[in-house]
Every structure is written in structure tokens, then in C-alpha cells.
Undergrad: 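My questions all concern the structure below.
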Amino acid sequence: MTQPRIEPLQPPFPEDQQAAFTRIMPPGVEPLKLFRTMAHNPRVLQRFFAGGLLDRGSIALEDRELLILRTTARCGAEYEWGVHVAFYTGKTGFSEEQLADTCRATPDAALWSPAQRALLALADSLHDSSTVNDQLWARLSEHFSADQLIECLMVVGFYHSVSFVVNGLKVERESYGARFPV
């Protein structure tokens with residue numbers, strides 16, 4: 001097991017940090033190691049929480065989570081992929097096969113709806129080339145409005161950043177976090 005580059009802070013936390021953790025975490029769940037590690041820089045943690053996109057946005061929970069799972073899988077960010085599988089699988093209804101498919105080099109089209117296939121392609125396109133070609137944009141536009149497309153782009157970009165942070169800091173996996181499929 002790899003050692004984290006910066007150890008997560010331990011309780012008790014300063015009052016403002018505890019308040020932020022309480023707002024973001026489900027009741028009774030300890031703040032994520034990622035958050036406790038980022039708390040070494042309270043300003044960055046505050047900005048991170050402000051840009052989170054985990055609220056009810058313009059896209060469905062399943063669409064947001066699909067983008068997050070594919071993005072974090074493509075970035076090799078097992079920590080973040082595993083946390084999202086642990087917290088959101090029950091709410092998204094994704095099967096074990098679909099979850100595993102988010103980690104495959106080429107997703108199995110038979111497992112996904114046309115809108116979901118377009119989202120997977122969006123995450124891949126942004127990961128591979130940092131852009132979206134006109135053909136893919138047209139496919140996405142068949143399923144999503146302008147405000148939703150902006151949110152989709154931001155979710156992928158935000159979770160690239162999250163992936164860079166968890167990988168760069170070597171954040172230790174949460175005990176309940178799922179592992180990438182073998």
C-alpha cells in the first residue's frame with residue numbers, strides 16, 4: 001500500500017472546517033480523507049466545496065454519476081471512483097456490469113442508452129483531446145439542453161481536477177470505497 005504524501009487531518013477540527021464537513025457529508029459519516037487532506041489548505045478546501053457540483057443540478061443524478069465514474073476511471077483515480085460507487089450506486093441503479101464497464105477501455109454499447117453512450121463518449125473525448133467534435137456535440141444535443149451540456153462539461157473538468165488531486169497526493173482509499181474491477 002502506498003503512503004499518502006500528506007496525512008489527513010484528525011479531529012478535532014477547527015470550528016469552520018467542522019461546519020464545512022458537516023454540510024457536505026451525510027450524517028454520521030466521517031469526513032473523507034480527501035477533504036481532511038485538503039484541509040491543510042483551508043482556502044483551497046473552501047473553494048473546492050464551492051465548486052463541487054454535487055447538488056441537484058440540471059442533469060439527472062445518473063448522468064452526473066456516469067460522467068464522474070468514467071472520468072475518474074479514465075484518470076486512474078480509484079479513490080474517487082470507489083467513493084462514488086459506495087455513496088451513489090444505490091441511487092443510480094447501475095448494475096455491477098455497468099460499474100465495471102465504466103472502467104473498460106471501450107464501453108459495451110449494449111449496456112447503455114443512447115444518451116448514456118453519448119455521455120461516455122463525452123468523458124472520453126475530453127480526456128483524450130480536451131475537446132468535443134461536432135458529430136459528438138450533435139449526438140449530445142439530441143438528449144441534453146444547452147444548460148445541461150455546460151454542466152456536463154464542467155462535471156468532467158471538475159473530476160479531472162479531483163482525480164489529479166487524489167492521485168498526486170496519493171490519498172489512501174476509504175475502507176468502504178469500491179475497488180476498480182479486476
Side-chain angles (χ1 to χ4, degrees), residues 2 4-5 32 34 37-38 44 47-55 57-89 91-174 177-182:
T2 305
R5 290 190 165 135
L32 295 175
L34 169 61
T37 303
M38 291 181 70
V44 170
R47 300 284 195 272
F48 179 82
F49 284 162
L53 297 173
L54 283 178
D55 59 342
S58 63
I59 61 174
L61 171 71
E62 297 82 5
D63 294 337
R64 183 190 75 221
E65 287 303 311
L66 182 58
L67 287 168
I68 292 168
L69 293 174
R70 184 62 176 170
T71 298
T72 57
R74 289 296 310 274
C75 289
E78 185 177 51
Y79 172 91
E80 192 67 17
W81 185 90
V83 165
H84 278 266
V85 168
F87 280 129
Y88 295 104
T89 294
K91 295 175 184 174
T92 63
F94 292 146
S95 68
E96 290 297 318
E97 188 176 9
Q98 286 175 310
L99 292 172
D101 200 51
T102 65
C103 297
R104 293 189 183 113
T106 304
D108 180 351
L111 296 175
W112 306 104
S113 71
Q116 290 169 324
R117 287 193 301 269
L119 291 174
L120 290 165
L122 174 64
D124 287 347
S125 180
L126 290 170
H127 182 80
D128 293 340
S129 67
S130 302
T131 192
V132 181
N133 68 37
D134 291 339
Q135 180 183 5
L136 176 54
W137 191 260
R139 280 177 54 205
L140 289 158
S141 296
E142 292 174 13
H143 307 284
F144 302 98
S145 63
D147 64 319
Q148 291 173 318
L149 289 169
I150 291 168
E151 187 167 340
C152 289
L153 293 167
M154 289 299 297
V155 166
V156 173
F158 184 79
Y159 280 90
H160 263 99
S161 295
V162 172
S163 296
F164 298 160
V165 171
V166 299
N167 289 344
L169 292 173
K170 297 183 179 183
V171 176
E172 182 182 29
R173 196 173 64 82
E174 301 290 346
R179 302 300 304 255
F180 281 149
V182 181

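What you see is a predicted model; the values in this text were computed from it and never measured.
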Undergrad: Please enumerate all residues that pass side chain to side chain contact (heavy atoms under 4.5 Å, CB included) together with Ser161, with sequence neighbours excluded.
TA: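 For Ser161, no residue satisfies side chain to side chain contact (heavy atoms under 4.5 Å, CB included) once neighbours in sequence are set aside.
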Undergrad: Which residues satisfy the ring-ring contact (aromatic ring centres under 6.0 Å, His included) test with Phe87, sequence neighbours excluded?
TA: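 Listed in chain order: Tyr176.
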Undergrad: Report the distance from atom CG of Leu119 to atom CD1 of Ile68, rounding to the nearest 0.5 Å.
TA: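 Leu119 atom CG to Ile68 atom CD1 measures 11.5 Å (nearest 0.5 Å).
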Undergrad: Determine whether Val132 and Leu153 make a side-chain contact, defined as any pair of heavy atoms from C-beta on separated by less than 4.5 Å.
TA: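 Yes. Closest side-chain heavy atoms under 4.5 Å.
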Undergrad: Check whether Asp101 reaches the backbone of Pro107 with its side chain - one donor and one acceptor, N or O, closer than 3.5 Å.
TA: no
Undergrad: What residues, two or more places apart in sequence or in another chain, satisfy side chain to side chain donor-acceptor pair (under 3.5 Å) together with Ser145?
TA: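 Listed in chain order: Asp147, Gln148.
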Undergrad: Treating Gln98 as the side-chain partner and Leu111 as the backbone partner, does any N or O pair qualify as donor plus acceptor under 3.5 Å?
TA: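 Yes, Gln98 side chain to Leu111 backbone: donor-acceptor pair under 3.5 Å.
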Undergrad: So do Trp137 and Leu149 actually touch side chain to side chain, heavy atoms under 4.5 Å?
TA: yes
Undergrad: Return the set of residues passing ring-ring contact (aromatic ring centres under 6.0 Å, His included) with His143 (not counting sequence neighbours), or none when no residue passes.
TA: none
Undergrad: Drop me the distance from His84's NE2 to Leu66's CG, to the nearest 0.5 angstrom.
TA: 12.5 Å
Undergrad: On a heavy-atom basis, which atom in Ala121 and which in Arg139 lie closest, and how many Å separate them?
TA: CB-NH1, 4.0 Å
Undergrad: Under the side chain to side chain donor-acceptor pair (under 3.5 Å) test, which residues partner Arg179, sequence neighbours left out?
TA: Glu78
Undergrad: Could you state the interatomic distance from OG1 (Thr2) to NZ (Lys170), rounded to the nearest 0.5 Å?
TA: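 It comes to 5.5 Å.
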Undergrad: If you define the side chain from C-beta out and look only at heavy atoms, does anything of Cys152 sit under 4.5 Å from Leu140?
TA: no
Undergrad: For Phe48 and Val162: C-alpha separation, side-chain torsions, deciding distance, then whether side-chain contact (heavy atoms from CB on, under 4.5 Å) applies.
TA: CA-CA 9 Å; Phe48 179 82; Val162 172; 3.6 Å; yes
Undergrad: Less than 6.0 angstrom from the centroid, inside 45 degrees of the normal: does Arg64 satisfy that with respect to the ring of Tyr159?
TA: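 Arg64 over Tyr159 ring: no.
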Undergrad: Answer yes or no: are there more than 12 heavy-atom neighbours, outside Asp134 itself, under 6.0 Å from its atom CG?
TA: no
Undergrad: Holding to side chain to side chain contact (heavy atoms under 4.5 Å, CB included), I want the full list of residues that pass it with Ser129, two or more places apart in sequence or in another chain.
TA: Ser125, Thr131
Undergrad: With sequence neighbours excluded, give me every salt bridge (charged side-chain N to carboxylate O under 4.0 Å, His left out) pair touching residues 112-125.
TA: Arg70-Asp124, Arg74-Asp124
Undergrad: Please list, chain by chain and in numerical order, all residues satisfying side chain to side chain donor-acceptor pair (under 3.5 Å) with Thr102, sequence neighbours excluded.
TA: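 For Thr102 the side chain to side chain donor-acceptor pair (under 3.5 Å) partners, ignoring immediate neighbours, are Trp81.
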Undergrad: Please identify each residue that fulfils salt bridge (Lys or Arg N to Asp or Glu O under 4.0 Å) with Arg173, with sequence neighbours left out.
TA: none
Undergrad: Examine distances only and state if a side-chain atom of Asn167 and a backbone atom of Cys75 form a donor-acceptor pair shorter than 3.5 Å.
TA: yes
Undergrad: Does Phe180 form a ring pair (Phe, Tyr, Trp, His ring centres under 6.0 Å) with Tyr79? I'd like the steps, not just the answer.
TA: CA-CA 9 Å; Phe180 281 149; Tyr79 172 91; over 10 Å; no
Undergrad: I'd like to know if the side chain of Glu80 and the backbone of Thr72 have a donor-acceptor N/O pair within less than 3.5 Å.
TA: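 No: the side chain of Glu80 does not pair with the backbone of Thr72.
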Undergrad: Measuring only between side-chain heavy atoms, which start at C-beta, is Thr71 closer than 4.5 Å to His127?
TA: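 With C-beta onward as the side chain, the pair stays apart.
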Undergrad: After noting the C-alpha distance and the side-chain angles of Leu32 and Val171, does the key distance pass the side-chain contact (heavy atoms from CB on, under 4.5 Å) rule?
TA: CA-CA 10 Å; Leu32 295 175; Val171 176; over 6 Å; no
Undergrad: For Thr89, check side chain to side chain contact (heavy atoms under 4.5 Å, CB included) against everything at least two apart and list the hits.
TA: Val85, Leu99
Undergrad: Just to verify, what does Val165 make a side chain to side chain contact (heavy atoms under 4.5 Å, CB included) with, not counting sequence neighbours?
TA: Leu34, Met38, Leu169
Undergrad: If a pair satisfies ring-ring contact (aromatic ring centres under 6.0 Å, His included) and one of its residues is in residues 93-113, list it, with sequence neighbours excluded.
TA: Phe94-Trp112
Undergrad: Tell me if a side-chain donor or acceptor on Glu65 pairs with a main-chain N or O of Glu62 at a distance below 3.5 Å.
TA: no
